[in-house]
Amino acid sequence: MSSSILPNASLEASAPTDTSSSNGTDSETRTDDGATNKIRRVDSSSAFVLQDTLKETFHPVPLPVPSGPVQKQLERVGARMSRGIQKKIQRKNTCFDWGAMLLPMLSWLRTYDFRNTLFGDIVAGLTVGIMVIPQSMSYAKLASLPVEYGLYSAFMPVFAYAFFGSSRQLAVGPVALVSLMLSTSLSHFVDPSENEAAYVTLAIQISMMVGFTYIILGALRLGFITIFLSHAVISGFTSGAAIIIGMSQIKYILGVSMKGSKQLHYLIGNIIEVIDQFDWKVFLMGSFFIFLLLIMKHVGKTYAKFSFLRALGPLAVTALAIIVTVVFDLDEKGIPVIGDIPSGLPEISINKWSGIGAGLVSFVDLIPTVLSISIVGFMESIAIAKQLAVKHQYELDSSQELLGLGMANLAGAMFSSYPVTGSFSRTAVNNETGAKSGISALVTASLVGMVLLFLTPLFERMPTSVLGAIVISGVLGLVDLQEGKFLYKVHKLDFLVWLVSFSGTMFAGVESGLVIAVLLSLLLVLYESAYPHLPMIGRLPGTNVYRNIKQYPNATTYDGLVMCRIDAPIYFANTQNIREKLNKYELVAERDAMEAMKDKSDEGEDNKDSPISFDMLNSLTYFTKVHFIVIDMSPVSHIDTSGVHLLEEMHRDYQKRGLQMCLCNPNHYVMEKLFSSGLADKIGTNYIYCNTHDAVKDCLKEIENKSGGNSPGSVTKDEEGPIGLELGSESNTLKQRTPGNANDDHV
């Protein structure tokens, strides 16, 4: 910011012209916030003087209270709070309340309105049940498991979550993303086509381990862990995984048999290898079902009166496919079908918990799979659950949600289930069809149980192309390329995270892509904290407000001062960057002042009528150097010992060069650190201010005194007293201060 010294600089256009008095007259204007500004016309210089009377009171910074009294006061406050909490517990916490902490179902069951909400819950439960039956079988196939294990996973875990889960609308069960992660992970250790029993055992053990992981995280109150998964990471990951899921189901649409893979380029290569097995009859049937499902989903979303089509789509397509297969004996004409499905409820599988790894893989090798499924599963559940909790105005505890999902997976592992989590699509349908409580989940699980007991023979002649069509139509909505375009337009670093997450998931694998994206996201967090925003600030005309000069180009700066604001905590990771920026701003201020002095010298040479005197140039030279570093510390919430050492080293360096550091509005915590380290005394408590304006007033007063009080570049005063301030229109800085009334409060 340049700050040339112009004796006759004109005021901003907002100042009215007054020529009524030769000795100067005063008039008043009001700023937008109602404050009164005095405009004084000084005939000797033909310039306006703007005096701000917004705040003329100096605000001292309160010193930290000694730790002893504070400690005693905190103890007294803590004692009162403890007594209050004890009374509250004694007064309100009944046995029912304690039970609700373990079974969240009791909290809403106590106030449940059977007359007005029961019917809606039943309708929602039946609708989701109709939707989950074909979906669960499709996702079991995606997980490389027999289709009945999808139904098992939609049975007992749903019952358990209804009792232990904190969300009243979340539809728990098998989902595409977790199914894919399970398949791609376990296929490395066991080939499901060669050793199906061992593969099933590993899937059940993974469910058990995921359940215990959730319970431990919930007991430790670690529900906040998902904050490390940014929206860009989640969007890129789900988009990439959705493409992998869809490509893995192409074999059911093409009618070919091929090896699976978790990497897109290998999947494409595998399809090309077996393309000679292409069956046009299966392809036509599968393509028709995909088209029909997409049409029904679109109509259900677009037209409210047909919203039921969205939920009925999978079951309607399944029923149509079964009817066509039975009527025309398509299974005998080469159309592959599911085949035998065992009827009856799932068997107890606790005995499969022993011998982790089924003798084929070690416990340690399964940990990455367990952690990735746990993180992704919780991320998928909590995202939709929190939205619905806000919509229905009830509190959702993230840690309790971990416990609910943990109990759902643990109960599922007891009854032959593979890992489950909340489903986006089924939860949306559950909410739209009127679910108000966990009773809808109980209805859904009961319907699945009825199917397991009595209706499994109906699904034995269902074409496998229907399963592929259901999965593909379901995951197409997860591909969010529009989000990538939005991030590219708004924030390039977030787009980079999205792109790495998206491409990494497709080409490096689901787990590797997630790990890469999370690590990149954490690196960006470290980068942002190590390079904090530290803008130069200036004073908004007519106010005592100081803002970023890049954001507000008309903000004024001052010769001899560097004013900046640190918009982050000061800690070991960003001290070096803060030091470099402060040094840079000092050099920039001196360079701009030198350019202003040069311009002024050239002006004096050109103006033969009023040449610049040697004393005036001498005074101008004084203003080419920075004398005060004013640091606004309002946003600094924390400072560690490295930050204290930084300020101490910079203060020592400034002192050697004749500069003074001024700190503005440090909070109580930062003030304690400054005083306990002795830095406040070294800087001088008279240089720690309540606000930036107070600091600027004092600094300008000292500059005025040191510069002799009557040079063009100084803040001067005459016998009447005020500091005359004027705003330059070209350089966006505070320029010539015309003599006026001397009152250093008016800056």
Side-chain angles (χ1 to χ4, degrees), residues 1 3 49-63 536-547 555-566 582 585-586 589-590 593 619 622-623 625-634 636 647 650-651 654-655 657-667 670-671 674-675 679-711 713-718 721-727 733-735 737 739-747:
M1 304 291 291
S3 54
V49 179
L50 177 62
Q51 297 182 31
D52 290 333
T53 56
L54 298 171
K55 294 182 181 178
E56 301 186 3
T57 304
F58 182 80
H59 307 281
V61 179
L63 302 182
M536 291 185 71
I537 58 176
R539 177 174 170 269
L540 298 185
T543 73
N544 292 341
V545 178
Y546 292 78
R547 291 293 183 265
T556 59
T557 58
Y558 302 84
D559 296 327
L561 272 68
V562 170
M563 298 179 294
C564 60
R565 185 182 68 238
I566 301 176
L582 289 175
Y585 291 160
E586 181 186 349
E590 291 184 350
S619 182
Y622 177 80
F623 282 92
K625 296 187 180 298
V626 172
H627 302 283
F628 291 93
I629 308 293
V630 179
I631 303 175
D632 182 2
M633 299 185 68
S634 302
V636 179
L647 295 180
M650 298 200 71
H651 170 70
Y654 290 154
Q655 289 292 299
R657 296 189 286 119
L659 278 70
Q660 176 62 51
M661 176 189 292
C662 301
L663 305 181
C664 305
N665 196 26
N667 66 29
V670 174
M671 284 286 287
L674 296 178
F675 274 87
L679 180 58
D681 295 327
K682 295 178 181 178
I683 295 175
T685 55
N686 55 320
Y687 289 110
I688 301 179
Y689 297 90
C690 177
N691 55 59
T692 306
H693 191 62
D694 287 344
V696 171
K697 287 189 294 185
D698 273 10
C699 294
L700 290 180
K701 183 177 179 180
E702 287 198 32
I703 292 176
E704 174 193 3
N705 294 334
K706 292 180 180 179
S707 65
N710 54 8
S711 70
S714 66
V715 183
T716 59
K717 60 183 180 181
D718 63 2
I723 295 178
L725 299 182
E726 193 169 276
L727 303 177
T733 59
L734 194 63
K735 296 187 178 180
R737 288 70 165 171
N741 304 328
N743 184 342
D744 57 293
D745 282 341
H746 300 297
V747 178

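The shortest heavy-atom contact between R547 and L540 is CG-CD1, 4.0 Å. Across all non-hydrogen atoms, the minimal contact from I688 to M671 is CG2-SD, 4.0 Å. Shown here for M563 and T556, the closest heavy-atom pair between the two residues is CE-O, 4.0 Å. What you find for E586 and V562 is that their closest heavy atoms are CA-CG2, 3.9 Å. Closest heavy-atom contact between N691 and D694: OD1-N, 2.8 Å. Counting all heavy atoms, side chain and backbone alike, N665 lies closest to S634 at ND2-OG, 3.0 Å.
Considering only heavy atoms from C-beta on, V636 stays 4.5 Å or farther from N667 through its side chain. Side-chain contact between F675 and T685 is present, with at least one heavy-atom pair separated by less than 4.5 Å. Looking at Q660 and I683, their side chains come closer than 4.5 Å, going by heavy atoms from C-beta outward. When side chains are defined from C-beta on, F628 counts as touching I703, because their heavy atoms get closer than 4.5 Å. At a threshold of 4.5 Å between non-hydrogen side-chain atoms, the residues C699 and V630 count as touching. Counting heavy atoms from C-beta on, the side chains of L700 and L561 come closer than 4.5 Å. With contacts defined as side-chain heavy-atom distances shorter than 4.5 Å, the pair V670/M633 qualifies.
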* What do the steps show when you test Y689 against L663 for side chain to side chain contact (heavy atoms under 4.5 Å, CB included), and what is the final call? -> CA-CA 6 Å; Y689 297 90; L663 305 181; over 6 Å; no

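Checked by atom type and distance alone, the side chain of H651 never pairs as donor or acceptor with a backbone atom of M661 at under 3.5 Å.
When the side-chain hydrogen bond (donor to acceptor under 3.5 Å, both in side chains) test is applied to Y687, the partners found at least two apart in sequence or on another chain are E702.
Side-chain contact annotation: D632 with Y546, donor-acceptor N/O pair under 3.5 Å absent.
A distance of 9.0 Å separates CD1 of I629 from SG of C662, quoted to the nearest 0.5 Å. To the nearest 0.5 Å, atoms CG (L647) and NZ (K682) are separated by 11.5 Å.
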